[in-house]
Visitor: 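Sending over a structure as structure tokens; questions will come in a sec.
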Protein chains: 2
Amino acid sequence: MTRKTTQDRLLDAAEELFAVQGIAAVSLRQITSEAGANLAAVHYHFGSKRDLVLAVFKRRIEPINAERLRRLDALQAAADAPVLEDLLRVFLEPALAFVAEGPRTFFQLVGRAHAEPDEALKLDLMSNFGEVARRFLDAFCAAVPEVARDEMTWRLHFLVGSMVHLLINEVALVVISQGDCDPSDPTGSALERLVAFGAAGLRAPVPESVR
Amino acid sequence: MTRKTTQDRLLDAAEELFAVQGIAAVSLRQITSEAGANLAAVHYHFGSKRDLVLAVFKRRIEPINAERLRRLDALQAAADAPVLEDLLRVFLEPALAFVAEGPRTFFQLVGRAHAEPDEALKLDLMSNFGEVARRFLDAFCAAVPEVARDEMTWRLHFLVGSMVHLLINEVALVVISQGDCDPSDPTGSALERLVAFGAAGLRAPVPESVR
DNA sequence: GTCTATAACTAGATAGAC
DNA sequence: GTCTATCTAGTTATAGAC
């Protein structure tokens, strides 16, 4: 087994540290020290801290959106208009499942990235999400023909908000439940709970006031 | 008209800058310069940057939660079990309305705070949200008796996620809609859209798998 | 590719004059 | 309460040896 390259070790260390402490709070010294590399290695391999941040996101996000599309293809091959709940699982699971399997920390980081002030970073993050959003919007609209596409777009936005919040804010759930909910199993019950909540939300009758 | 105190000017400047650039990215020098105050004034009035941050949040959050409870009292005085949609408006509006009336930036900041790595700050932020959450959970459960309280707690969590996401991520909505949605009117149509989405989600049948 | 050394700068915090 | 001046410690980034 060959040892990981310096580049990979830097990406691993940065991902972990960014997730725990937030991007701005982590210094290159912490990253290189954690990765067992030299301070100058970041600039040699990535050019700057900002480019390292972009590389950290790119490495994970592309496979996940690819997985979403792959599963969506499979679902649509099996049935012309898949039911909404199945579509939601296909959309949410590649994200939530990763929390359990892979580096759990990365999804805290994705959540954090959504709140970053750096608009260019967010746009970059969503560079290949545009395709995913379009495909899923089409499928949601086919599954719920009573809801117009622009209304469905708002609802997808709300859904993404619920998902992101679930990924970062364990604390909030503990506080509002006063200890009754265990948020540490987001792959298990949380997925099904969010599917039920989201499906009902996407199917909701469109109110008069916004028609 | 008396001029605002240095304390207030510092709070105003910090709020604005934190909202636009993120908390970690703003220096005390920027804040004091914007407020027309001296660098040392922050330490004199607040003690440290962290204490200034806490003061910025405290000034706004307490009145909003108070308003939520005041309206909830009024609603419950008029009807024993108010309908879910009215409860949602009472919960969401004091937050969303502020975006239009008051300092619009503050709610970007609230959104950002939800993604902060500083757990102590988040707990402090939610110090008086516990009471609000309990009261609204009771009311939601009374309006939708089929859903158990712990399930309703998860759903309130999802709802808060949608609300927060709406407050910070205008960019995301523009990207996924490819320009079809105008996110710049969060008080108007967005409130009613989110009420419809959230009400349906809170009322969703509880799936077998989580019962 | 990896290292040391250091440049160039910025941060939060504080002492002490007024 | 407000100022200047400064301390200490941290940051990113780079030049140049190996």
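In what follows, every chain begins at residue 1, and chains take the letters A, B, ... in the order their sequences are listed.
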Visitor: Where the side chain of A/Ser27 is concerned, which of D/dT11, D/dA15, D/dT4 is the nearest nucleotide?
Guide: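 Out of D/dT11, D/dA15, D/dT4, the nucleotide with an atom closest to A/Ser27's side chain is D/dT11.
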Visitor: Which nucleotide wins on minimum distance to the side chain of B/His45, given the candidates D/dT2, C/dA15, C/dA13?
Guide: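 Of the candidates, D/dT2 comes closest.
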Visitor: Is any side-chain N or O of B/Asn38 closer than 4.0 Å to OP1 or OP2 of D/dT4?
Guide: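 The answer is yes; a side-chain N or O of B/Asn38 sits under 4.0 Å from OP1 or OP2.
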Visitor: Within this structure, what is the OH-to-C1' distance between B/Tyr44 and C/dA15, rounded to whole angstrom?
Guide: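 It is 15 Å, rounded to the nearest whole Å.
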Visitor: Given atom CZ of B/Phe46 and atom P of C/dT14, what is their separation to the nearest angstrom?
Guide: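 In whole Å, C/dT14 P and B/Phe46 CZ are 16 Å from each other.
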Visitor: From the set D/dT4, C/dA13, D/dT2, return the single nucleotide nearest to any side-chain atom of B/Arg29.
Guide: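 My answer, after comparing the listed nucleotides, is C/dA13.
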Visitor: I'd like to know if B/Asp51 and B/Lys58 make a salt bridge, using a cut-off of under 4.0 Å between side-chain N and carboxylate O.
Guide: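 Looking at B/Asp51 and B/Lys58, the cut-off is not met.
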Visitor: Consider the side chain of A/Leu28, meaning its heavy atoms from C-beta on, and name the nucleotide among D/dT4, D/dA13, C/dG12 that approaches it most closely.
Guide: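 The nucleotide sitting nearest to the side chain is D/dA13.
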Visitor: Using atom CD of A/Gln30 as one end and atom C1' of D/dA9 as the other, report the distance to the nearest whole Å.
Guide: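 Those two atoms, CD and C1', are 14 Å apart.
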Visitor: Nearest whole angstrom, please: distance from the C1' of D/dT11 to the CG of A/Leu39.
Guide: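 Value for this atom pair: 10 Å.
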Visitor: So does A/His43 get a side-chain nitrogen or oxygen closer than 4.0 Å to the phosphate oxygens (OP1/OP2) of D/dT14?
Guide: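 A/His43 to D/dT14 OP1/OP2: no side-chain N or O under 4.0 Å.
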Visitor: Among C/dA13, D/dA15, D/dT2, which nucleotide sits nearest the side chain of B/Thr6?
Guide: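 My answer, after comparing the listed nucleotides, is D/dT2.
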Visitor: Rounded to whole Å, how long is the line connecting atom CG of B/Leu10 with atom C1' of D/dC3?
Guide: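 So the two atoms are 14 Å apart, to the nearest Å.
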Visitor: Separation of B/Arg9 atom CZ from D/dT2 atom C1', in whole Å?
Guide: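 Whole-Å distance recorded here is 11 Å.
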Visitor: Would you kindly give the CD-to-C1' distance between B/Gln7 and D/dG1, to the nearest whole Å?
Guide: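 Computing the B/Gln7:CD to D/dG1:C1' distance gives 11 Å.
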Visitor: What pair of heavy atoms forms the shortest contact from B/Gly201 to B/Arg155, and how long is it?
Guide: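 Nearest heavy atoms, B/Gly201 then B/Arg155: O-NH1, 3.5 Å.
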Visitor: Can you check whether A/Arg135 reaches A/Gln76 side chain to side chain, under 4.5 Å on heavy atoms?
Guide: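 Answer yes - side chains close enough.
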Visitor: Would you call B/Arg89 and B/Asp86 a salt bridge, using N to O less than 4.0 angstrom?
Guide: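 Result for this pair is yes, salt bridge flagged.
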Visitor: Check whether any side-chain heavy atom of B/Leu137 lies under 4.5 Å from a side-chain heavy atom of B/Arg149, and answer yes or no.
Guide: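 Contact flag for B/Leu137/B/Arg149 side chains = yes.
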Visitor: Calculate the interatomic distance between A/Lys49 atom NZ and C/dC9 atom P; express it in whole Å.
Guide: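 That distance rounds to 19 Å.
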Visitor: Using a heavy-atom cut-off of 4.0 Å across all strands, would you classify B/Ala40 as base, sugar-phosphate, or nothing?
Guide: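 Base contact.
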